[in-house]
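For reference, the structure discussed in these notes is given below.
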Amino acid sequence: MSKYWLLFKQQLEYMLAYRATGLIWFLADTTSHLVFILFWLAAFQGKSAIAGFSLREMILYYLGAMFVSAIITPHPQHWLADTIKNGQFSAYFLLRPLSVLGDRLVSQIAWRLFRFVIMIPTLLLLWLFLSGFISGFSVSGQQLLWLILSLTLAFLGQMLLKTCLGLAAIWFEEIGWLTAFWDLLMALLGGWFFPITLLPQAMQTASLWLPFRYWFYFPLSIFLGKLSSAEILQGVMIQLFWLVVAVFIYRVTLKRGIRAYSAYGG
């Protein structure tokens, strides 16, 4: 455990050294949701609800989406893929007593901590600016506990499968198409662009059978109080199911990947 603590402190030092880069990526993740909020402020002129969402709920949805995108959504795949392609995978993971998942998990937690420090004052300022539209909203203690559990499961599930995307670089020279396809599915079927209730019925049905909905739209629905206790429990159980599936896929991918890996260069 001490080695991961040392790694965590190393990542914090690296993060502080490249804080400008981290700030740019933070802005890239949050700006789009600000644009969506402006869009819905215009779209709701003269309307009380759209697709089951009031204006207040829609604004809160995108404030929550901003938080989930910046804090809960990990991105271990890019660095991992580069490490495989430049031949450093051996030095990092085959010759050192570090697991691939443990290393990436510690790194992502460090970067999420940096983003969290920036996100809190950002959300407070936006909350004050938009207070006229979202006044009266509150989250109960029970909702908050379910929300924390749901976000934790969402983070771990994405972490495992996105690590598998990075490991796919062992077989594919370029994984950009894989990550782009993943991001597209998350945007459409996870509710990143729009609440899922705005999608055609066929896409809403498809989202029920894929994990993306439960990693993004589901936690936001808990936050907004749009789910009953039974629906929350069912959703959390589905999240646990996908987490078990992700663990299995990760273990198989890592085992076969190490057998197939060959280092060139670096």
Side-chain angles (χ1 to χ4, degrees), residues 26 29-30 32-34 36-37 40 51-75 105 108-109 111-128 130-131 133-162 186-187 189-198 204 207-208 210-247:
F26 171 81
D29 282 343
T30 57
S32 57
H33 291 105
L34 291 176
F36 279 124
I37 289 175
W40 288 112
F53 282 76
S54 65
L55 176 59
R56 183 178 72 170
E57 288 174 334
M58 195 67 80
I59 292 174
L60 288 167
Y61 181 90
Y62 283 100
L63 290 177
M66 185 187 303
F67 180 87
V68 174
S69 296
I71 308 300
I72 307 302
T73 305
H75 303 285
L105 184 61
Q108 289 298 306
I109 290 175
W111 280 98
R112 300 307 109 186
L113 180 61
F114 172 75
R115 287 181 168 219
F116 184 81
V117 171
I118 304 174
M119 174 58 73
I120 295 304
T122 301
L123 283 178
L124 288 175
L125 287 174
L126 288 173
W127 197 279
L128 291 173
L130 297 167
S131 59
F133 300 100
I134 58 178
S135 60
F137 175 78
S138 63
V139 177
S140 68
Q142 185 179 22
Q143 273 180 273
L144 184 60
L145 291 175
W146 280 118
L147 181 60
I148 292 172
L149 175 60
S150 177
L151 290 174
T152 302
L153 294 174
F155 173 77
L156 293 175
Q158 290 184 80
M159 186 71 204
L160 283 158
L161 290 185
K162 284 193 169 185
M186 177 61 80
L189 301 179
W192 196 95
F193 280 158
F194 304 104
I196 291 177
T197 50
L198 284 168
Q204 292 187 44
S207 72
L208 294 171
L210 294 170
F212 307 100
R213 176 191 187 106
Y214 303 98
W215 291 338
F216 203 88
Y217 182 76
F218 173 66
L220 292 176
S221 297
I222 296 176
F223 169 65
L224 293 174
K226 299 181 78 68
L227 301 175
S228 65
S229 297
E231 289 172 326
I232 292 175
L233 180 59
Q234 181 185 40
V236 168
M237 294 304 293
I238 294 174
Q239 283 187 306
L240 286 170
F241 166 77
W242 280 112
L243 182 59
V244 172
V245 171
V247 169

Could you tell me whether the side chain of Trp146 reaches within less than 4.5 Å of the side chain of Ser229, counting heavy atoms only? no
Examine distances only and state if a side-chain atom of Gln143 and a backbone atom of Ile222 form a donor-acceptor pair shorter than 3.5 Å. yes
Test your reading of the model: is there a side-chain donor-acceptor pair from Ser69 to the backbone of Met66, 3.5 Å cut-off? no
Within the side chain of Ser150, is there an N or O that forms a donor-acceptor pair under 3.5 Å with the backbone of Val236? no
By ring-ring contact (aromatic ring centres under 6.0 Å, His included), which residues pair with Phe137, not counting sequence neighbours? Phe223
Would you call Trp40 and Ile59 a side-chain contact if the rule is heavy atoms closer than 4.5 Å? no
Contacts satisfying salt bridge (Lys or Arg N to Asp or Glu O under 4.0 Å) that involve residues 135-154 (not counting sequence neighbours) are none
Polar side-chain atom of Arg112 near backbone of Ala70 as donor-acceptor pair, under 3.5 Å: yes
The side chain to side chain donor-acceptor pair (under 3.5 Å) partners of Thr122 (sequence neighbours excluded) come to none
side-chain contact (heavy atoms from CB on, under 4.5 Å) against Ile238, all qualifying residues, sequence neighbours excluded: Tyr214, Gln234, Trp242
Can you list every pair that meets salt bridge (Lys or Arg N to Asp or Glu O under 4.0 Å) and has a residue in residues 216-237, with sequence neighbours left out? Glu57-Lys226
Excluding sequence neighbours, so at least two apart, what forms side-chain contact (heavy atoms from CB on, under 4.5 Å) with Ser135? none
In terms of ring plane angle, is the pair Phe36 and His33 parallel, tilted or perpendicular, where the classes change at 30° and 60°? tilted
